[in-house]
Amino acid sequence: MTLPNGLQVGIAVDVAAYPLDSHTSQRDFWRTLVSRLDEVVEFITLEDGFAATGGDGLDAILLANWLAPRSRKIGIIAGAPVNYLEPFHISTAVATLDYVSEGRAGLFAQELRGDRALQAKEAIGALGGYPATDGPALGQDAKDAIDVIRRLWDSWEGDAIIRDRESFRFLDGAKLHYINFESAGFKVLGPSITPRPPQGQPVVAALQIEGNDASATADVIFIRPGNLEGINFRTRRGDPKAQAIFVDLDVDAEPASVTEFATQVARAATSGANGVRLIVRDPKRQLDRLVNELLPALEGASLLRKPGSGTLRERLGLPAAINRYTSAA
């Protein structure tokens with residue numbers, strides 16, 4: 001798919017940073033946030049605070065499933081620490097999100113490292129030495145988890161559901177597939193308990209950390225501005241393994257001038273990236289300026305483009321998800 005000129009824009013929010021004082025204030029906060037961003041940005045990422053010091057907040061995927069029917073157009077990329085949670089459960093929860101959002105779902109495959117990995121291991125307890133906390137093992141485990149999640153999304157062929165009342169056949173068992181996956185950390189037989197999602201495979205996004213990490217197998221890579229050298233930009237060449245690259249930019253708590261911010265975005269544009277992900281650490285203070293000043297100014301300078309239509313995969317210029325089991329038949 002040929003993408004029009006201008007960068008796409010996403011917003012990053014840390015779920016653990018926001019109100020836990022009452023159910024009403026939480027509902028109002030998240031409903032207001034998504035309504036202000038809907039049809040303004042391409043997507044929002046909800047980072048899960050799993051085992052974070054001081055409280056981990058709401059479950060990001062459950063929150064995403066609550067937000068989806070309360071929004072119209074915005075892509076919702078829900079976070080989960082893939083090297084600490086069961087990939088089977090992540091797969092079914094994100095597949096459900098894709099149904100609820102009608103094809104606007106994604107998984108932010110968070111890879112916990114360092115102190116966060118130690119906190120997570122302490123929170124869940126060690127099971128026969130698993131999970132490990134060294135970087136290479138965590139990186140491999142994250143990639144294995146993503147592989148399992150994708151295989152489970154493929155484990156139902158698109159026409160597996162029959163719903164033939166006369167024959168009392170509602171499911172074609174021959175079109176459900178065992179994935180038979182086994183790694184050093186876990187094994188999963190499958191198939192999924194959730195039918196193939198509307199997008200085939202919801203978008204998988206990951207933050208580039210270092211060499212052997214989850215971003216190597218993701219559809220969308222989030223990258224810091226200083227790490228752009230050496231990235232292989234394949235999206236615009238129609239590569240079936242294409243990845244969309246988004247540069248992470250902090251929206252400062254102390255407002256920088258619009259001109260300074262536009263300069264940062266322009267650098268991302270000249271790098272060949274597909275878009276920018278704006279990290280908003282305090283939406284209560286920053287949202288008005290972001291929506292009313294920064295984004296309109298960047299659009300006026302032809303640096304950003306308005307959100308597209310269709311599924312999130314289509315809007316990000318990613319290739320259609322081919323079912324590995326159907327194509328192998």
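Along the sequence shown, residues carry numbers from 1.
In this structure, Leu176 shares a hydrophobic cluster with Trp156, Ile161, Leu171, the cluster being traced through Ile, Leu, Val, Met, Phe, Trp and Tyr side chains under 4.5 angstrom apart.
When all heavy atoms are compared, the tightest approach of Ser183 to Phe181 is CB-CE2, 3.6 Å. Contact between Leu97 and Ala68 at its shortest, heavy atoms only, is CD1-CB, 4.0 Å. Looking at every heavy atom in both residues, Ala109 comes nearest to Ile146 through CB-CD1, 3.8 Å. Closest approach of Ile179 and Arg151 over heavy atoms only: CG2-O, 3.7 Å. When all heavy atoms of Val148 and Phe186 are compared, the closest pair comes out as CG2-CE1, 3.5 Å.
Distance alone, capped at 3.5 Å, is enough to place a donor-acceptor pair between the Asp219 side chain and the Val204 backbone. Side chain of Arg104 to backbone of Ile74: a donor-acceptor contact under 3.5 angstrom is found. In this structure, the side chain of Gln264 does not engage the main chain of Leu249 through any donor-acceptor pair within 3.5 Å. No donor-acceptor distance shorter than 3.5 angstrom exists from the side chain of Arg281 to the backbone of Val251, with no hydrogens or angles considered. Between the side chain of Glu42 and the main chain of Gly308, a donor-acceptor pair closer than 3.5 Å is present. Side-chain atoms of Gln199 come within 3.5 Å of backbone N or O of Ala105 as a donor-acceptor pair. Judged by distance alone, with hydrogens and angles left aside, the side-chain atoms of Glu111 form a donor-acceptor pair with the main-chain N or O of Ala214 at under 3.5 Å. For Arg285 (side chain) and Asp282 (main-chain N/O), no donor-acceptor pair under 3.5 Å exists by modelled atom type.
Listed by chain and number, the residues in a side chain to side chain donor-acceptor pair (under 3.5 Å) with Asp14 amount to none (sequence neighbours excluded). Residues forming a side chain to side chain contact (heavy atoms under 4.5 Å, CB included) with Asp28 (at least two apart in sequence, or on another chain): Thr24, Arg31.
Taking CD1 of Ile44 as the reference point, atom CZ of Phe108 lies at 12.0 Å (rounded to 0.5 Å). One distance of note links CZ of Arg277 with CG of Leu207; it measures 6.5 Å at 0.5 Å rounding. We find the CG-CG distance between Leu318 and Asn274 to be 8.5 Å, quoted to the nearest 0.5 Å. Taken to the nearest 0.5 Å, the OG1 atom of Thr45 stands 8.0 Å off from the CG atom of Asp248. Between atom NE2 of residue His89 and atom CG of residue Leu152 there is a gap of 11.0 Å, rounded to the nearest 0.5 Å. Note: Ser215 OG to Ile223 CD1 = 8.0 Å, rounded to the nearest 0.5 Å.
By the rule that hydrophobic residues join a cluster once side-chain heavy atoms approach within less than 4.5 Å of another member, Val15 and Leu62 end up as members of separate clusters. Both Val9 and Val40 are assigned to one and the same hydrophobic cluster, defined by single-linkage of ILVMFWY side chains at heavy-atom distances under 4.5 Å. Hydrophobic clustering (ILVMFWY, side-chain heavy atoms < 4.5 Å, transitive): Tyr99 and Trp153 are in distinct clusters. Under the 4.5 Å side-chain heavy-atom criterion for grouping Ile, Leu, Val, Met, Phe, Trp and Tyr, Leu304 is connected to Leu37 within one hydrophobic cluster. By the rule that hydrophobic residues join a cluster once side-chain heavy atoms approach within less than 4.5 Å of another member, Val13 and Val291 end up as members of one cluster.
Counting heavy atoms from C-beta outward, Val94 and Ile61 have side chains that approach closer than 4.5 Å. Annotation: side chain of Gln201 is not in contact with side chain of Asp98 (no heavy-atom distance under 4.5 Å). Counting only heavy atoms from C-beta outward, the side chains of Leu46 and Leu67 approach each other to under 4.5 Å. Within the 4.5 Å cutoff, side-chain heavy atoms of Ile77 are placed close to those of Leu312. With contacts defined as side-chain heavy-atom distances shorter than 4.5 Å, the pair Asn323/Asp154 qualifies.
Using the six-membered ring where Trp is involved, Tyr325 and His177 have ring planes that are parallel, under 30° apart on the 30 and 60° scheme.
Applying the ring pair (Phe, Tyr, Trp, His ring centres under 6.0 Å) test to every pair with at least one member in residues 43-62, sequence neighbours left out, gives these pairs: Phe43-Phe246. A ring pair (Phe, Tyr, Trp, His ring centres under 6.0 Å) check over residues 293-320, counting only residues at least two apart or in different chains, returns nothing. Residues in residues 61-82 take part in these salt bridge (charged side-chain N to carboxylate O under 4.0 Å, His left out) pairs, two or more places apart or across chains: Asp38-Arg72, Glu39-Arg72.
Around the CD atom of Glu102, the shell of radius 6.0 Å holds no more than 12 heavy atoms that belong to other residues, nucleotides or ligands. At most 12 non-hydrogen atoms from other residues, nucleotides or ligands lie less than 6.0 angstrom from OH of Tyr178.
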- [ ] Check the pair Thr92 / Phe88 against side chain to side chain contact (heavy atoms under 4.5 Å, CB included), numbers first and verdict last.
- [x] CA-CA 6 Å; Thr92 56; Phe88 190 95; 4.0 Å; yes

Open item on the list: Run the side chain to side chain contact (heavy atoms under 4.5 Å, CB included) test on Ile11 and Leu290 for me, step by step, so that the C-alpha distance in whole Å, both residues' side-chain angles and the decisive distance to 0.1 Å come before the verdict.
Closed with: CA-CA 10 Å; Ile11 300 293; Leu290 179 70; 3.6 Å; yes

TODO: Tell me, with the steps shown, if Gln8 and Arg305 meet side chain to side chain contact (heavy atoms under 4.5 Å, CB included).
DONE: CA-CA 6 Å; Gln8 295 174 288; Arg305 60 187 173 90; 3.1 Å; yes

- [ ] Before giving the answer on side chain to side chain contact (heavy atoms under 4.5 Å, CB included), spell out for Leu7 and Leu303 the whole-Å C-alpha distance, their side-chain angles and the decisive distance to 0.1 Å.
- [x] CA-CA 6 Å; Leu7 295 175; Leu303 291 171; 5.7 Å; no

TODO: Go through the steps for Thr217 and Arg150 under the test side-chain hydrogen bond (donor to acceptor under 3.5 Å, both in side chains), then give the verdict.
DONE: CA-CA 11 Å; Thr217 59; Arg150 291 188 187 277; 5.7 Å; no

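With Phe261 as the aromatic partner, Arg289 does not meet the cation-pi criteria of under 6.0 angstrom to the ring centre and within 45 degrees of the ring axis.
Side-chain polar atoms of Gln119 and Asp115 form no donor-acceptor pair below 3.5 angstrom.
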